[in-house]
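Okay, so here's the structure we're looking at.
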Amino acid sequence: MTLLTCRIDAGIACVTLDNPPVNALSAAVRRALWDMAETLDADPAVRAVVLTCAGRTFIAGADVREFGQPPVEPHLPDVVARLEGAAKPWVAAIHGAALGGGLEVAMGCRFRVAAPTARVGLPEVTLGIVPGASGTVRTPRLVGMAAAVDLVTSGRHWPAAKALEAGLLDAVLDGDLTEAAMGFARRALEKDLPDPASARPLSPMPEEFWTEARKTAARAGHAAPLAALDCLRCASEAPFAEAMAKERETFLALRPTPEAQALRHVFFAERAAPRPAALKEVAPRALQRVGVIGGGTMGAGIAAACREAGLEVVLIERDDAALARGLAAVEAIFDGAMARGKLSQADRAARSDGLSGSTGYDRLAEADLVIEAVFEDAAVKRAVFAELGRHCRADAVLATNTSYLDPRGLTEGVPHPERMLGLHFFSPAHVMKLLEIVPLPDTAPEVLATGFALARALGKMPVQAGICEGFIGNRILKRTRAEAEQLVRRGVPLAQVDAAMRAYGFRMGPFEAQDLGGLDIAYLQREGARADGQDVPETLGDLLVRAGRKGQKTGGGWYDYAEGDRRPQVSPTVEALLAPHVAAADPLPPEAIAAALVGAMAAEGQALLAEGIAQAPADIDLVKIHGYGFPRWKGGPMFAAALEMPSI
Ligand code: 3H9
């Protein structure tokens, strides 16, 4: 396949790169770009060069699949330097996204122009590395150090307008981008050429600037943003060549680290999960109108998420007062988004326009999808599905948001079982990325595909799960909590367990998280199972709930909380309550505590795979990262356990 094609029109060469799917800079692309620069330099008919890309995007960066292999010449920094040093000026014409090495190639060009919808960014830190082809050295020379620090250490994408304002782009062009870029090149030749990026001056920044920037970069919790900051500082204090050498050395040193491997694993897992191979040829059903049953926290969050995706929503509640509360909860989410500047006034109004409510099911006659999100009680949910069976179209997808109950029992006897699905959202549903998608035995492939299409529309991370109590996420959570209690029983202070998990990268430890969410829901489940005659062992959490300690909402759970203060304090009351059940204090090193808990997650993950509940280890990793705060840069429990113990 020809990677680069070239046509020449009145002195302007238009070079088009075509390397699907995202024009990544494989070794072959780097070689082709180098050779093209040589050829065009030698061609007297060429006065300037426009670089465009075929397909949905400009160059999305280095080919991440090559990162496990030894680097092959020509190296990207040399290719970027070759383009910058070309005898004819190059103009990068950016559509889609210019990311990582793609933006570095563009910065090697003398000019950068873009379509209004284009984005640019240096997302390398999100892959656990730093830019490796001058991103930390040329960027500050084009946009100044403060803006460069923001772009490089956050990994965020900038829209074209912001990049233009910052000086990273020379123009944003309407209409046909290639033609507009060729016109831009012609006009540029009539004036003096600007200095190439590498020749632009850069002043050192004061010490306080770096101190503040380090504080922000450290918040990411992993090494790459701080390493990128060191490279940026070097760029402002050392000559260009020295800064380039430092960047390259840092890039190569970070590329094989466990953090970078973990982040690459997550990168590919996140791209595979939303499009399962088994559904590749299956067309989802069209979604426009969604019914949400139940206006509690979960239902309101689901309704808000659906409106954000542009779906019309009808919220159903059992009486007028509950409906008014539910609708108000959804509106409050819209208000919050506007207050944070994420929603304009006009868009805020449009969100409300597409939201309505009813206390009757007849409003659902035209719904394409209905999501049941009522109280976690099988009888209540069964009654809802009986109503849905009577009122909804035969081809409407009917979904339950149950967290623990068996969806088969909830939908039994409802006509057209092929349209039933489990859609397990996580609270708050308009924020949390994870969506467990649970097919029932009769679920039709296009209904399952509709669940995945919904997830994509809502910007969620879908993971398919089989039917068991708690599906993937909550089953692992139960095992992890049991393991955490086991550590406490053997004498590890619970505050040490929490501190160890925070040091591992979680925002909260398992006991702090229970205090925040409340201990009573899991307690009631255990009590329900005991009442059904199941053999559910007593937990330490049971002791606390029976003593009235349900978490922060009751002023205490595993910890005490002062009035209006969410900071956990070690509780003498809890110590006394647990004393008969725990061994003498026996502290463990934090690494051993984290290994025990992550090991428990991975062991339960193995069981889920063996039972066919989870389909792939990477799916389990995504569930933990997107639903339970597992640190991304550790790759998820299955990845972390395999790294520690390759036999897993
Ligand atoms: C870098 O550049 C380092 C340099 O500084 C220094 C080097 C010396 N490589 O996301 P999608 C695949 S680091 C290989 O679904 P979209 C992806 O796996 C790189 N493959 O599409 C998927 O494959 P499949 C910095 C890649 O339209 C397919 O392309 N760059 C790469 O929703 C479609 O992907 C980045 O981090 C890659 N770089 O979004 C940019 N990128 O079809 C990462 C994608 O087999 N990429 N693939 O599942 C993105 O952010 C998005 O892909 C993009 C398109 C926005 C471009």
Side-chain angles (χ1 to χ4, degrees), residues 17 19-30 33-34 53-82 94-108 117-139 148 151-160 224 227-228 231-232 244-245 247-256 260-261 263-277 279-280 452 455-457 459 461-462 616 618 632:
L17 168 60
N19 185 31
V22 294
N23 295 309
L25 291 157
S26 62
V29 170
R30 299 197 299 273
L33 278 171
W34 182 284
C53 287
R56 59 186 192 260
T57 182
F58 191 74
I59 303 167
D63 190 333
V64 180
R65 288 173 213 277
E66 287 184 354
F67 277 10
Q69 300 153 21
V72 175
E73 286 185 339
H75 302 310
L76 193 57
D78 300 330
V79 175
V80 173
R82 179 68 191 80
I94 300 166
H95 76 289
L99 299 174
L103 182 56
E104 291 171 317
V105 164
M107 287 193 283
T117 51
R119 291 174 290 143
V120 299
L122 292 165
E124 283 87 343
V125 294
T126 67
L127 291 166
I129 53 175
V130 298
S134 81
T136 65
V137 189
R138 282 192 173 86
T139 313
L151 189 70
V152 175
T153 62
S154 74
R156 272 194 292 272
H157 299 179
W158 283 355
C231 293
L232 286 157
M244 286 296 294
E247 182 194 76
R248 183 78 182 161
E249 186 192 313
T250 311
F251 168 77
L252 291 174
L254 287 178
R255 213 171 58 154
Q261 287 182 48
L263 287 165
R264 285 203 288 280
H265 160 73
V266 179
F267 173 86
F268 286 116
E270 284 177 342
R271 273 154 182 86
R275 296 176 180 81
L279 298 175
K280 216 169 170 190
F452 280 90
R456 287 196 296 275
M461 185 53 60
R632 224 181 139 75

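Whatever order the structure lists ligands and atoms in, that order sets their numbers, starting from 1. Bear in mind the structure is a predicted one, so any value in this text is a computation, not a measurement.
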Handout entry: Nearest heavy-atom neighbours spanning L252 and P256
Key = O-CD, 3.2 Å
Handout entry: Lys NZ or Arg CZ of R456 over F452 ring: under 6.0 Å, within 45°
Key = no
Exercise for the section: Would you tell me which option among A98, G132, P20, G96 has the nearest heavy-atom contact to atom 6 (C) of ligand 1? Expected result: G132
Practice task
For E104, counting its heavy atoms only, list the atoms of ligand 1 lying under 4.0 Å from any of them.
Solution key: 4 (C), 5 (O), 6 (C)
Practice task
Work out whether the distance between some heavy atom of P123 and some atom of ligand 1 is less than 4.0 Å.
Solution key: yes
Completion exercise
Note: V22, heavy atoms under 4.0 Å from ligand 1, region reported as side chain
Exercise for the section: Tell me which protein heavy atom sits closest to atom 14 (C) of ligand 1, plus the residue, atom name and distance to 0.1 Å. Expected result: D63 OD1, 3.3 Å
Problem - Is_contact(atom 9 (N) of ligand 1), protein non-hydrogen, under 4.0 Å - result: yes
Exercise for the section: Between A60, G61, G100, A277, flag the one that comes closest to atom 35 (C) of ligand 1 by a heavy atom. Expected result: A60
Fill in the blank from the handout: protein heavy-atom neighbour closest to atom 5 (O) of ligand 1 works out as E124 OE2, 2.4 Å
Problem - 4.0 Å protein heavy-atom contact status of atom 38 (N) of ligand 1, strictly under - result: yes
Problem - Protein contact to atom 24 (P) of ligand 1 [nearest heavy atom, distance to 0.1 Å] - result: R65 NH2, 4.2 Å
Problem - Which residue and heavy atom of the protein sit nearest atom 51 (C) of ligand 1, plus the separation - result: R271 NH2, 3.8 Å
Exercise for the section: For ligand 1, note which part of H75 has a heavy atom under 4.0 Å away: side chain, backbone, both or neither. Expected result: neither
Problem - ligand 1 contact by T57, heavy-atom criterion under 4.0 angstrom - result: no
Exercise for the section: Mark whether atom 53 (C) of ligand 1 lies under 4.0 angstrom from at least one protein heavy atom. Expected result: no
Practice task
If you have a sec, work out which protein heavy atom is nearest atom 55 (C) of ligand 1 and how many Å separate them, to one decimal?
Solution key: R119 NH2, 3.8 Å
Handout entry: Distance from atom 21 (O) of ligand 1 to nearest protein heavy atom, with residue and atom
Key = R56 NH2, 2.9 Å
Practice task
Consider ligand 1: state whether an atom of it lies below 4.0 angstrom from any non-hydrogen atom of R248.
Solution key: yes
Practice task
Give the residue, atom name and distance (to 0.1 Å) of the protein heavy atom nearest atom 42 (O) of ligand 1.
Solution key: P21 CG, 4.8 Å
